[in-house]
Amino acid sequence: MKKTFLFVAILITMSISVQPGKAQNDSQKEGIITRDNRPQPDFSQGRLTEHILWHFGRVSAPEVSPDEQTLLYSVTYYDYQKNKGNTELYTLPVTGGTPTQVTRTESSEVQAVWRPDGKKIGFLFVADDVMQIFECNPDGSGRTQITHAPTDINGFSYSPDGKHILFTRNVQLDPTITDRYADLPKANAMIYDDLMYRHWDSWADGSYAHLFIAPTSDPDNAVELLKGERFHCPVPPFGGMEDAVWSPDGTKIAYCCKRATGKDFAVSTNTDIFIYDLATGTTTNLTEGNLGYDMNPVWSPDGSQLVWWSMETPGFESDLKRMMAHDFKNNVTSQMIFNEMLNPESFVWSPDGKKIYFLSSYNGVMRIFVRQPKMEKKKQVALEIRGLTGDNADYNSLAWANGKLIVTKCTHQMPAEIYSFDPSTEKETQLTFTNKEWLDKIDMGKTVARTVKTTDGQDMLVWVIYPPKFDSTKKYPALLYCEGGPQSPVTQFFSYRWNFSMMAAHDYIIVAPNRRGLPGFGKEWNDENSTDYGGQSMQDYLSTIDDVAKESYVDESRLGAVGASFGGYSVYWLAGNHNKRFKALIAHCGMFNFESWYGTTEELFFANHDIEGNYWDKPTPKSYSFSPNRFVGNWDCPLLVIHGGNDFRIPYTEGMQAFDIAQMKGIPSRFLFFPDETHFVVKPQNSFLWQREFFRFLDQYLK
């Protein structure tokens, strides 16, 4: 159920309409979605609406040109009436200025990167119904198809020396129904003999993501890594090209792979980092001794070291991340960062190799940190970790250009934009203003940090988001936001579904606690929720809403609780244990019955760790006593259940059980079902419907 920051890019890609198309020069041509030819939202009320939310351009993490002078990034714009989006490419000087639009087509150009010589831009684009690698000049001219692969290319990168292209695509290794029974071409079925027959949102089809290496001069003449092996790289379901990275001299590739299939894949998190040598064709497992996750490899500038994040505990997907390093000269692996307050990721080396910049959640935000030499009288005496950014924003990507970090930054009130951050002065400059025109027309309210004392005497950070034009002399309904994950931080994220500013724009006060089980507050705080779902984390929720409800501007008789995934579980648990606090509850894709969920979910390592395994061995794990279905006798509050038909992490039958029981008990309830959505809702009109039903239900019972 865990969310990661990688999810943002993936969700955007999932909702883009990728269809064959030819380049067009006329931005108003039918079928091309740009910022200017879409239906214009109504800004007259000065508040965020679903039309405005989906009108915002979604800015990608930027790529820095080889000469460090130009940024390459994409912006995705959606047209809700056409129910699709389109991604176009832009360039911008690293010092800022006016962006140049590079592409303008009926389809989407995605995963764009600079060619190492800086003379071309490479990107993925559909040709004859297959995703291929294309190149164009930096001004968009000279568009050329580079590959002619038989199946979709899912990601690619150039070697630093420009001699090779690395790409990934799926290869069919297991027989299909047609392969088995050629005389039954219209048979529609799936046959499985092992677990992991479906994962997150897709049924296993017998194909596996493999890496291919080809000469740049002959990109269709590729060598297949993992040939004939039933393993994946990138690692599903959310891995991308960050899972396979070139050494600076272009002679080696570090890649991530979970060398397991079937039941073994379902019960293990053991993902290793391998080093492939192009000259010898040999592969070495660099992390064989660690049985947890090893991910996000990044080479040092001289290629002598590799760093990555690692989790020590097998099967625990939310274990504390350590920064590990391998010294190739001495063939030694060591732990570079193990700090109980940090979860280091997204590493960037300084050009001299002395400093490593990274991101980590810390005290409720995603911050930039640096691991650097500590100097006294110009002499290095130790290594230190220092935070560079404060409490007011999330930083979600890092790149290096001319002594500065190029970052993306967002808040509850601002979608991601690109900034330049000077680590020496800790000053930043905004470079893109993609959504300023529209943000200037609305009041987004404000977010205030609050400290709440928990039942066991701890101080808990709680974000309180106030409505636009907040008036402390009035009384407002309040919503308790229950985070998913379970170990996903409640930071200054800007969501296109669980958007705090959108909720506040409907005159609700939003209360978002960093309850037990979230990273950025120490290992003990992070781990305490696992195996104890109905314990302190639930008390933290109740402490939060009780504390804020005491304010004179909160109407204690109009409180609601909302959440998805583990947040949906939390709402179901609160439904049977809230003691008349709430008047409306919304649960999206939540676990309702642990026994039925254990028998239908797919990533069993998660269930085995977090709820202590199966229910048929004796004694039954204590965690099953926290299952919400055990408390339905106490249900007394109106309930909206939301679920997606292609959610395989928490199958939609969990939501059906909750809705059916509410109906049988005579509790006002509603079931919102999306047959073609997953654990998320990403299609524009479905997302509009989600927002409208969300507030229709809340307004019915809280206003």
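Excluded from the calculations below are hydrogen atoms, water molecules and symmetry mates; all remaining heavy atoms, backbone and side chain alike, are included.
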| query | Relative to the ring of Y362, is the ring of F369 parallel (under 30°), tilted (30 to 60°) or perpendicular (over 60°)? | reply | perpendicular
| query | With a 3.5 Å cut-off and no angle check, do the side chains of S397 and T408 form a donor-acceptor pair? | reply | yes
| request: Report the relative orientation of the aromatic rings in H679 and W200; use parallel for angles under 30°, tilted for 30 to 60°, perpendicular for over 60°. | output: perpendicular
| message | Within the 3.5 Å criterion, strictly below it, is a donor on T389 or R367 matched to an acceptor on the partner's side chain? | response | no
| task | Determine whether the side chains of Q492 and T411 contain a donor N or O and an acceptor N or O closer than 3.5 Å. | result | no
| task | Indicate whether any N or O donor in one side chain lies under 3.5 Å from an N or O acceptor in the other, for N499 and S495. | result | no
| task | Before giving the answer on side chain to side chain donor-acceptor pair (under 3.5 Å), spell out for T103 and E88 the whole-Å C-alpha distance, their side-chain angles and the decisive distance to 0.1 Å. | result | CA-CA 6 Å; T103 62; E88 303 292 358; 2.7 Å; yes
| remark: T333 meets the side-chain hydrogen bond (donor to acceptor under 3.5 Å, both in side chains) criterion, sequence neighbours left out, with H326
| Any Lys/Arg nitrogen of R169 or E224 sitting under 4.0 Å from an Asp/Glu carboxylate oxygen of the other? | no
| request: Could you tell me whether the side chains of T34 and D36 share a donor-acceptor contact shorter than 3.5 Å? | output: no
| Contacts of K252 that satisfy salt bridge (charged side-chain N to carboxylate O under 4.0 Å, His left out) - sequence neighbours left out | D277
| task | Would you please test S108 and N86 for side chain to side chain donor-acceptor pair (under 3.5 Å) and show each step? | result | CA-CA 5 Å; S108 291; N86 196 18; 3.0 Å; yes
| said: Distance to the ring centre below 6.0 angstrom and angle to the axis at most 45 degrees; does that hold for R58 and Y77? | reply: no
| message | Is it true that E135 and T144 share a donor-acceptor pair across their side chains at a distance under 3.5 Å? | response | no
| query | Below 4.5 Å, heavy atoms only, C-beta onward: do P234 and C257 meet side chain to side chain? | reply | no
| request: Ignoring hydrogens and angles, state whether a donor on the side chain of D272 or T287 is under 3.5 Å from an acceptor on the partner side chain. | output: yes
| field | R115 bridged to D117 by N-O distance under 4.0 Å | value | yes
| message | Looking at E229 and R259, is any side-chain nitrogen of the basic one under 4.0 Å from a carboxylate oxygen of the acidic one? | response | yes
| Is there a side-chain contact between V298 and W308 (heavy atoms, below 4.5 Å)? | no
| request: Give the minimum heavy-atom separation between W54 and Y496, together with the two atoms involved. | output: NE1-O, 3.8 Å
| field | From K404, Q430, E428, residue fulfilling side-chain hydrogen bond (donor to acceptor under 3.5 Å, both in side chains) relative to Y419 | value | Q430
| said: Aromatic contact between W114 and F123, with the criterion being ring centroids under 6.0 Å apart: yes or no? | reply: no
| query | Is the shortest heavy-atom distance from the side chain of T87 to the side chain of V75 under 4.5 Å? | reply | no
| message | Would you say that more than 12 heavy atoms from the other residues, nucleotides or ligands in this model lie under 6.0 Å from the CD of E288, or not? | response | no
